[in-house]
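Structure first, commentary second.
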Amino acid sequence: MSSLVLAEMTASVSELKKNPMGTVAAGEGFAVAILNRNEPAFYCVPARAYEALMDKIEDLELNALADARANDKIIKVNLNDL
């Protein structure tokens with residue numbers, strides 16, 4: 001059975017066990033697909049790439065919320081009244 005590998009760099013579970021930081025570094029800042037018996041088992045993602053991914057997801061969620069509220073009634077407020 002073939003699987004889609006969503007990373008340019010791959011490593012085996014054995015390689016990851018031998019040298020975890022070297023495996024992460026081999027991805028040069030991008031995710032590394034960790035293979036078990038030539039099938040992707042999981043992706044090893046560097047912290048910066050994961051943080052960027054989470055920021056993008058948050059932005060998408062906020063944009064969806066803004067789009068959902070685009071036609072809502074506008075309520076004017078004055079911060080001095082609070």
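Here the structure is a predicted model, which is why all the values come from computation and not from measurement. Positions are given from 1 along the sequence.
Heavy atoms only, all atoms of each residue included: A7 and A33 are closest at CB-N, 3.7 Å. The two residues P40 and S3 have their closest heavy-atom pair at CD-CB, 3.5 Å. S12 and E15 make their closest contact through N-OE1, 2.7 Å (heavy atoms, listed as atom of the first residue, atom of the second, distance). Listed here is the closest heavy atom pair of P46 and F30: CD-O, 3.5 Å. Heavy-atom minimum distance, G29 versus A49: O-CB, 3.6 Å.
Counting heavy atoms from C-beta outward, V5 and T10 have side chains that approach closer than 4.5 Å.
There is a path of hydrophobic side-chain contacts, each under 4.5 Å, that joins V45 to L6. Residue L4 is grouped with residue Y43 when hydrophobic side chains (ILVMFWY) are merged at heavy-atom distances under 4.5 angstrom, including chains of intermediate members.
Apart from M9 itself, the hydrophobic cluster it occupies contains V13, L16, V32, I34, F42, where clustering links Ile, Leu, Val, Met, Phe, Trp and Tyr at side-chain heavy-atom distances under 4.5 Å. Applying the 4.5 Å side-chain rule to ILVMFWY residues, one finds that V24 remains a lone member of its cluster.
Here the CG atom belonging to D67 is positioned 11.0 Å from the CG atom belonging to L62, to the nearest 0.5 angstrom. In this structure, OG in S14 is found 8.5 Å from CG in N36, a value given to the nearest 0.5 Å. Separating the CE atom in M54 from the CG atom in D59 is a distance of 11.5 Å, to the nearest 0.5 Å.
In the displayed structure, N78 atom CG is contacted under 6.0 Å by more than 12 heavy atoms of other residues, nucleotides or ligands.
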